[in-house]
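These notes are about the structure you will find just below.
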Amino acid sequence: MKYDFTAIEKKWQGIWEERKCYAAQNGSDKPKFYGLIEFPYPSGEGLHVGHPRPYTAMDIVARKRRMQGYNVLFPIGYDAFGLPTENYAIKHKMHPREVTKRNIARFTQQLKMLGYSFDWDRVVDTTDPEYYKWTQWIFLKLFENGLAYKTKMPVNWCTSCKCVLANEEVVNGVCERCGSDVVRKEKSQWMLKITAYAERLINDLDGLDYIERVKTQQRNWIGRSTGAEVDFATTAGDTLRVFTTRPDTLFGATYMVMSPEHELLKKWESIISNRAEVAEYQEAAARKSDFERTEMAKEKTGVCLEGVRAINPVTGNEIPIFISDYVLATYGTGAIMAVPGHDDRDWEFAKKFSLPIIEVVKGGNVEECAFTDCQTGIMVNSGFLNGLSVEDAKKKIVEWLSEKGLGVQKVNYKLRDWVFSRQRYWGEPIPLVYCEKCGWVPVPESELPVLLPDVESYETTDTGESPLSLMEDWVRTVCPHCGGPAKRETDTMPQWAGSSWYFLRYMDPHNKEALVGKDAISYWNRVDWYNGGMEHTTLHLLYSRFWHKFLYDIGVVPTSEPYAKRTSHGMILGEGGEKMSKSRGNVVNPNDIVEEFGADTLRLYIMFIGDFEKAAPWSSTAVKGCKRFLDRIWNLCEKAVSDSGKDFTTKNEALIHNTIKKVGDDIENVKFNTAIASLMTMVNEFYDNGCNKADLMLLLKLLSPFAPHIAEELWEMLGGEGLCCEQPWPSFDESKMVESEKTLAVQVNGKLKTTVVVPSDSDDNAVLQKVLADEKMKRILENMDIVKTIVVKNKLINLIVKPQNS
RNA sequence: GCCGCUGUGGCGGAACUGGCAGACGCCCGGGACUUAAAAUCCCGUGAUGUGUAAACAUCGUACCGGUUCGAUCCCGGUCAGCGGCACCA
C-alpha cells in the first residue's frame, strides 16, 4: 500500500475532531499547560508559509505536553479589526464584516488542513461584539482609573492611511504598515498612560523567562536613565529646569538649550529682543516632521536668546540660552544644560557658535573633540568637586543641590504614552460620550457593547475625522450622567486593543458575565509559554503586559505578568534568501505544499529547515528530504506488518534511549531541527541493523507531535491500542543510554592520529596499553619518548612526545 | 553613533562544560533493480597533495595574534553581514 497522505490526513483530522481530542478542560485535576501563539490577522491573501513555523512549534509542544499527562490549553483566534480589511472593503464595495467573515473561513480551513491540535471550541474573534464588549469594558476601567485621557498634541499622521499612528507604529519616519510619509499634526487624541507603568514594565522583566533579546529590546524601548533635575535661575526671574544624567559635570555647563516648543518662550516674548528671529526658527522647526528633524541632524542649528541669560548655580556665571531643535520638547524637561567638553552634540554646537568649552573630567583633549568616555575619571576645574571620582562627584553634587533646593535625583524614560485613537471605521468604538455640561462621560457598563453602526461609506473623511463622525444619528445621544444632549466619540481603537487581552478570553470564551470567570482564571492562571515574532516586542508584547498589569491592579487577574515564558521564531525567507513578498513573486503557498507532499511533510520541513530562532530560506528541493523520511518510516512499518512472524532484535538499545532523551530535550529548547535529525538517525539505524515492532511503535510516539497524521495511521496499522497522540510520552532509562564500548580519539601532540575502541569507563592505564599495542601507534611512537599522557574518560587520549636523545 | 546578534563544505545547518569539526538533510557522483525512466535500496562526497591500491600527509570553522597538552568554543584586535534604538541630554 502506498502512503496516501491526502486520504490519511483527512481521515485523522475527522477522527480528532469527532472525539474532541484537543479540547481543554476547565478545572481538570491534571496539571495544566497553557501554550500560546500569536493569533493571526486574517488577511485576504490567506495563510502564508511563514505562519506554520510558530504554529507547528507550539503544536509540537502542546502535543508532547498532552502525552506527558497535562491538561493543555492551545487555542486559536483571529485579530480581525484593522486597516487592510477596511481598505479592501472600500475598494470592492463590501462591508468589512463580510470581508472578515470570508477571510476567517479561509484561514480556518487552512489551519485545519495542517492538523493543529487547537481547541476549536474556544475560537475568539476580536470583531465579535461579544468580544469587543470586553475590550471596551477594559477601556472604561482605564478611563475610570485616570489612565485614559484626551489631549491635544502633535501626533504622527500617516498621509496615506489618513490616520494617527502610535510611536511604535512609525518606523524610520514612515508608516510601519504602508510605508507612506508620516507628518506631525496637532490633534486631540485619546491617550493611554503606559508611562505610569514604565518602571514596573522594565523591572519585572527580570523575573521572566523571556529570551534575552526580547528583554533587551524592551529595556531599550522603555529607555530608563537615572540622573537629576537641576534648576537654573535666569535673569528673567523664572527658573529654567533641566534634566541631566551627568550632574557631576555641572561646572562645565557653559550654555543652555531649550527646545523651540518650550513654554517659557511664550512668557519671555516681551523681554527677548530678537523675538522675530526666534519666532522664525520656531516656525521652521514646527514645519519639519520628526523624520526631517533627525535627517538634519548633521548640522546643528539654533538661535541665541537676546535679553535673557541663565546663571550656573555652582559657578555663579551668567551663561547664554539658545533654542535649538536638537533638544526634544517631549523628553525630560524640554531643556538641557550644555556641557560641550563631554557631549558630542554640545561640543559641535559650541564650536559652531564659538562658546567656551571646559574640561571637567580629566582624560581627553576637549579642544580636539568632546571627551565622552568619562563614566569613570577624576573631576577637574570643578570647584568643590575637584579630585573626586565621577561616581563620588555625582553623589556629592546631588546632595549639594538638594540641600540648596536646586535639584533632585530623577529617573526619566524614553517611553511615551500610547496614542490610542484611530480615525477609521473598522475598530472598536471608544465607549465615551461628550456632554457640554459634564465633559467626557463613560457609557454605562450595562449598555456595552457600543456597536459599530452600519455606515454607507467607510471612506476616510477629508477633515481627518473618523467616518463614524458622518453618522449623525449614531453620534447624537444623551448624556448618561445628566440626560442632556451629548455626542459619541467617533474615533475607534487601534488594532492593538483587541490583542492586548485575548489570551484571557481563551480561558473562558463564552462567559457573558465577565471577560473571564474567576474559576477559569484561577485555574489557568497565566500563559505558560508564548511564542511570537520579534516584530511585536515593542508593540503587542509591551502593550499587553501593560494592560495585564492594570487588570492585576484592579483585581481582575491574579498575576502581574501575562506570560511566564516567551520565545521567538525567525522569518521564513524566499528561495534566494530574500524576504518573501507578493511583489517579489516568491511567496510559497502552504496549500501547494500540502497538495504535493502532505501536511505532515510541510510540518516536518518547516521545523527541520534550520535554527528555529533564526531566519531561514525556503528550499523546494529540501522539502523532498522530509517526504522521503516519512516514506522510509512508512515502508519500515509495512514490512514489519507483513513480516510479523519474524522477530527482529534491536542491536542498539543505547541509541533508542538516547534518542528519547534528545527528542524530548530538544523540543523544550526549541531545537526542533536537531530533534528531527535524531529521529532520522534512528530510522537510518533501523534500516542498517533492523528493528522490531516495539521499536517502531516507540518511533511513532516520538514522531507524533511532529507528523501526527502518519503517526496515527501507522500506529493503527501496527495494531496499537487507542490513538497514538494519547499514548504516554516515552521515558528513557539512564542506565541504558551508555554504550558498552567507546571509540576514543588518539592524539599525538594534540593532533588526531587514530581511534581505539575500549570498554566504557576503562581506566587510563588500560587505555594507554591499548594504544601502545596498536600497530599504527607503534609506528608513530618509534624513536619517541612519551613525556606526558592526558586521558579524558570515554573521549580521548593525548600523548605528548618528543624525539629520543634530544 | 549606541546596544544586541551572527560569520562553519556547493547549499540549509550540527557540535554537551575547551576534547575525533562538518551530525541530519539537500545537491552531486557511482552501483543494484528495471526493456527504459521514475521511485526505492546500497556506496561515496571539506580542500590539496603523494600512491596502482589499501592508505598516508598537509591545510581547514571570516581575518590577525594570545592562553592551553588540546580552541568553532576562552581572551585581545581587525573585517564583513543582520537586527534594534537613534539629537533621549
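Residue numbering restarts at 1 for every chain, and letters A, B, ... go by the order of the sequence lines. The structure displayed is predicted, hence computed values, not measured ones.
- The base of B/C87 is paired with the side chain of A/K300 by a donor and an acceptor separated by under 3.5 Å.
- For A/Y605 (side chain) and A/W618 (main-chain N/O), no donor-acceptor pair under 3.5 Å exists by modelled atom type.
- Evaluation of the side chain to side chain contact (heavy atoms under 4.5 Å, CB included) rule for A/A393 yields A/D248, A/M379, A/L385, A/L388 as partners, not counting sequence neighbours.
- For A/K351 and A/E348, the salt-bridge test fails: no basic side-chain N is under 4.0 Å from an acidic carboxylate O.
- To the nearest whole angstrom, the two P atoms, one in B/U61 and one in B/G10, are 13 Å apart.
- As rounded to the nearest Å, B/C24 and B/A71 have C1' atoms that lie 25 Å from one another.
- Heavy-atom distances to RNA chain B give each of A/D344 and A/I800 a nearest nucleotide, and the one nearer the 5′ end belongs to A/D344.
- Within 4.0 Å of A/N684, counting heavy atoms only, lie sugar-phosphate atoms of the nucleic acid but no base atom.
- Under 3.5 Å, the side chain of A/N798 and the base of B/C69 form at least one donor-acceptor pair of N or O atoms.
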Subject >> Under the 3.5 Å Watson-Crick or G-U criterion, the dot-bracket string of RNA chain B, with | for inter-strand pairs >> reply: (((((((..(((......[....))).(((((.......))))).(((((....)))))..(((((..]....))))))))))))....
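- Here the separation of B/C2 from B/A23, taken at their C1' atoms, is 39 Å to the nearest Å.
- Between A/F349 and A/Y255, the ring planes are parallel. Angles under 30° get that label, and only those over 60° would be called perpendicular.
- Distance check on atom P: B/A14 versus B/A86 gives 32 Å, rounded to whole Å.
- Annotation: B/U17 and B/C73 have their P atoms spaced 15 Å apart (nearest Å).
- For the residue pair A/S259/A/Y331, the side-chain donor-acceptor check at 3.5 Å is not satisfied.
- A/K300 and A/D344 are not joined by a salt bridge, as no carboxylate oxygen comes within less than 4.0 angstrom of a charged side-chain nitrogen.
- As rounded to the nearest Å, B/A53 and B/G66 have C1' atoms that lie 44 Å from one another.
- Other residues, nucleotides and ligands contribute only 12 or fewer heavy atoms inside 6.0 Å of the CE atom of A/M571.
- Remark: the separation of the P atoms in B/G77 and B/G4 is 14 Å, to the nearest Å.
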